[in-house]
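I have placed the structure first, in the form of C-alpha cells, so that the comments after it can refer back to it.
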Amino acid sequence: MSGGIQAVRGFNDILPGQATRWQAIEAIAAEVLDTAGYGEIRLPILEQTTLFARSIGTGTDIVEKEMYSFEDRGGDSLSMRPEGTAGCVRAGISHGLFNGSQIRLRYGGPMFRHERPQKGRYRQFHQIGAEAFGIQGADIEAEMILLGARLWRRLGLKHIGLRINSLGRPQEREIYRSALIEYLHEHMDRLDADARRRLETNPLRILDSKDPKIRKLLTEAPRIGDYFGDQTRLQFAELCTRLDLLGIGYTLDPFLVRGLDYYTGLVFEWTTDLLGAQDAVCSGGRYDGLVARLGGRDTPAVGWALGMERLVLLVEAEGKTPPPTPPDAYFIALGKEAEYKALVLSERLRDRYPRLRLMVNMGGGSLKSQLRRADRAGARYALILGESELNAGTVILKPLGEKGEQTSADFEAVADTLIRKLRHGYATANRFNPG
Ligand code: HAM
C-alpha cells in the first residue's frame with residue numbers, strides 16, 4: 001500500500017494459518033530432542049560482536065559481511081546473533097555447565113544474517129539447534145545424526161538426504177590446507193576473482209564453489225581424506241558403521257566444508273532436491289576447540305541447527321500438512337441479556353474444558369450475521385442463546401461443519417453433548433498428521 005510502512009527486506013511475518021504449521025513442527029522437534037535428554041536453553045538475541053568474531057571466524061562471510069552489528073548507547077559493539085552455537089557456548093561457560101560433565105542442550109529462535117534474500121534465504125530466519133558437550137566419540141556424532149533422521153521420519157519427509165565429511169584434526173587440516181593452496185596456485189588462471197580472494201582468506205571454502213570451471217578443477221585437487229591419521233580415519237569409520245546399523249543412508253562428500261570456522265572433524269548437511277538453490281535444511285558438525293577458545297576448559301562438542309523456514313517449505317512441498325485447528329464451537333448470543341449470559345457460560349465451559357477451542361461472538365449482530373462469522377471461522381458447532389432460550393433456560397447446539405440436527409437443552413446437558421461429540425476429535429487434536 002502506498003505510504004504504508006513495509007516490513008524490513010528479508011524479514012517475514014508468519015500469519016496465523018502458517019503459524020499452526022510452525023507450531024506443529026516445533027512441538028515435534030521439541031519432543032524428539034527432549035525425550036533424548038536435550039534440555040532447552042533460551043539465549044539472548046544480542047551478544048558482544050567479539051563473541052561471533054572469535055567463534056565463527058573473522059574470515060567468514062557471516063562475520064565479514066552479514067552481521068547486524070551496531071554500537072549501543074554505552075559504546076559497546078553488539079551484534080544480533082547470526083547463529084546459536086556461539087551464544088550457547090558462551091552461556092555454558094559462564095554458568096559452569098561444561099565442568100567436566102556431559103550436557104545436551106537444545107535451543108530455537110530467530111537468527112539474523114544480511115544475505116541477499118531469495119526463496120529459503122532470509123535476513124531474519126529461525127533455527128532449532130541441538131548441541132552436546134563433553135563427549136568425544138563417534139557415538140554422539142551418530143546420535144546427532146539420528147535425531148535429525150528421527151525428526152524427518154516423524155514429519156513424513158522423503159526428499160531429504162545426508163552428506164557427511166570430516167575436516168580432520170587441526171594438524172591434519174593444516175597440512176591439507178597447504179597442499180590445496182599449492183595446487184590452486186598452480187592453476188591461478190582458472191580461478192575467478194572470488195576464489196582468488198578466498199585463496200588468501202579461507203582456501204577451504206573454495207571446495208564449496210558452485211562455479212562449474214572450479215568444480216572441474218577440484219576433481220584433480222588433493223582430497224582431505226588422504227591426510228587423515230589413524231585416529232580420524234577410525235572415528236569416521238565408526239560413525240559410518242553406526243549409520244549403517246541404523247539404516248541411515250549418506251553420501252561421503254569430500255568437498256563438504258562449512259561456512260563457519262569452528263568445525264573440527266565431522267561436518268554434515270541434510271539437503272533436499274525440492275527447494276532449489278537453498279537446499280540445506282539442517283547442518284552441523286563437531287567443534288572440539290570452541291569452548292576452550294572462548295575461555296572455557298577443553299571440551300569436545302558436536303551439534304546441528306535446522307532452518308525452520310526451509311523445513312516448513314519442504315513439509316509443504318512434500319504435501320505434509322498438519323490438520324487445521326478451527327474452533328470447536330462458536331457462541332452466538334442475541335441481545336444484551338443473552339450476551340451477559342453467554343459471557344458467563346463460556347468462561348464456565350473453558351474452566352471445565354481448558355482445551356476446548358471456543359470462540360465467542362463479539363460486536364453483536366443478527367443471527368444470520370453471527371452464523372456467517374461462525375462459518376468463516378470454520379467452527380464445527382454453534383451454541384445459540386436467543387431471547388426464548390434465555391427465558392426457557394436452554395441453549396441450542398447447532399452443527400455447522402458437522403452432520404446432524406440442531407438440539408436444544410439446558411446448558412449443562414448441551415455442554416456434555418458438545419464434549420461427547422468432540423471427544424474423538426480431541427484424541428487427534430494438535431497432532432501433526434503426516435499421512
Ligand atoms: P548454518 O549452516 O550456518 O550452521 O545454519 C544452519 C541452518 O540454518 C542451515 O542449514 C539452513 O537451513 C538455515 N539457514 C542458514 N542461513 C539461513 C538464511 N539466511 N535463511 C534461512 N535459513 C538459513 C549454523 O548456524 C551452525 N550454528 C550449526 C551448528 C550447530 N553447528 C554445530 N552446532
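Counting starts at 1 for both ligands and their atoms, following the listed order. Just so it is clear, the structure is predicted and the values come from calculations on it, not from any experiment.
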| field | Ion pair check, Arg90 and Glu47, cut-off under 4.0 Å | value | yes

| request: Could you tell me whether Pro82 approaches ligand 1 through its side chain, its backbone, both or neither, with non-hydrogen atoms closer than 4.0 Å? | output: neither

| field | Nitrogen or oxygen of Val281 less than 3.5 angstrom from that of ligand 1 | value | yes

| query | Does the side chain of Glu220 come under 3.5 Å of the side chain of Tyr183 through a donor N or O and an acceptor N or O? | reply | no

| Are any of the N or O atoms of Ala280 closer than 3.5 Å to those of ligand 1? | yes

| field | Side chain, backbone, both or neither: the part of Arg123 lying under 4.0 Å from ligand 1 by heavy atom | value | neither

| request: Quick one: look at Phe268 and ligand 1, take heavy-atom pairs under 4.0 Å, and tell me if it's side chain, backbone, both or neither. | output: neither

| request: List the closest protein heavy-atom neighbour of atom 19 (N) of ligand 1: residue, atom name, distance to the nearest 0.1 Å. | output: Glu115 OE2, 2.6 Å

| query | Looking only at N/O atoms, are Tyr122 and ligand 1 under 3.5 Å apart anywhere? | reply | yes

| message | Just by distance, no angles: are the side chains of Tyr176 and Gln171 close enough, under 3.5 Å, to form a donor-acceptor pair? | response | no

| Gly284 neighbourhood, listing ligand 1 atoms whose heavy-atom distance to it stays under 4.0 Å | 31 (N)

| Ionic contact status for Arg154 with Glu31, cut-off 4.0 Å | yes

| message | Can you see whether Ser77 engages Gln48 through a side-chain donor-acceptor pair at a distance of less than 3.5 angstrom? | response | no

| remark: Among non-hydrogen protein atoms, atom 13 (C) of ligand 1 lies closest to Gly307 CA, 3.6 Å

| Asp244 versus Tyr250, side-chain donor and acceptor atoms under 3.5 Å | yes

| Do we see a donor-acceptor contact under 3.5 Å between the side chains of Gln136 and Glu141? | no

| query | Looking only at N/O atoms, are Ser283 and ligand 1 under 3.5 Å apart anywhere? | reply | yes

| remark: Contact region, Glu131 to ligand 1, non-hydrogen atoms below 4.0 Å, reads side chain

| field | Under-4.0 Å heavy-atom contact with ligand 1, by part of Trp304 that carries it | value | backbone

| For Glu269 and Thr271, does a side-chain donor sit closer than 3.5 Å to a side-chain acceptor? | no

| request: Check each heavy atom of Arg258 against ligand 1 and say whether those closer than 4.0 Å belong to the side chain, the backbone, both or neither. | output: side chain

| field | Contact atoms of ligand 1, heavy-atom distance to Arg121 under 4.0 Å | value | 19 (N), 20 (N)

| task | Report the part of Arg113 in contact with ligand 1, treating N, CA, C, O as backbone and CB onward as side chain, heavy atoms under 4.0 Å; options are side chain, backbone, both, neither. | result | side chain

| note | Note: heavy atom closest to atom 5 (O) of ligand 1, options Arg286, Gln127, Glu83, Gln118, belongs to Gln127

| said: Just to be sure I'm reading this right: ignoring hydrogens, which of Val267, Leu260, Thr85 gets closest to atom 30 (C) of ligand 1? Compare them by their nearest heavy atoms. | reply: Thr85

| task | Would you mind checking which non-hydrogen protein atom is closest to atom 21 (C) of ligand 1, with the distance to 0.1 Å? | result | Gly120 O, 3.3 Å

| said: Please list, in number order, the atoms of ligand 1 under 4.0 Å from a heavy atom of Cys282. | reply: 10 (O)

| Nearest to atom 7 (C) of ligand 1, what protein heavy atom do you find, and at what distance? | Ala305 O, 3.6 Å

| task | Any chance you could measure Arg196, atom CZ, to Asp194, atom CG, to the nearest 0.5 Å? | result | 11.5 Å

| message | Can you confirm if the NZ or CZ of Arg215 lies within 45° of the ring axis of Phe255 and under 6.0 Å from the centre of its six-membered ring? | response | yes

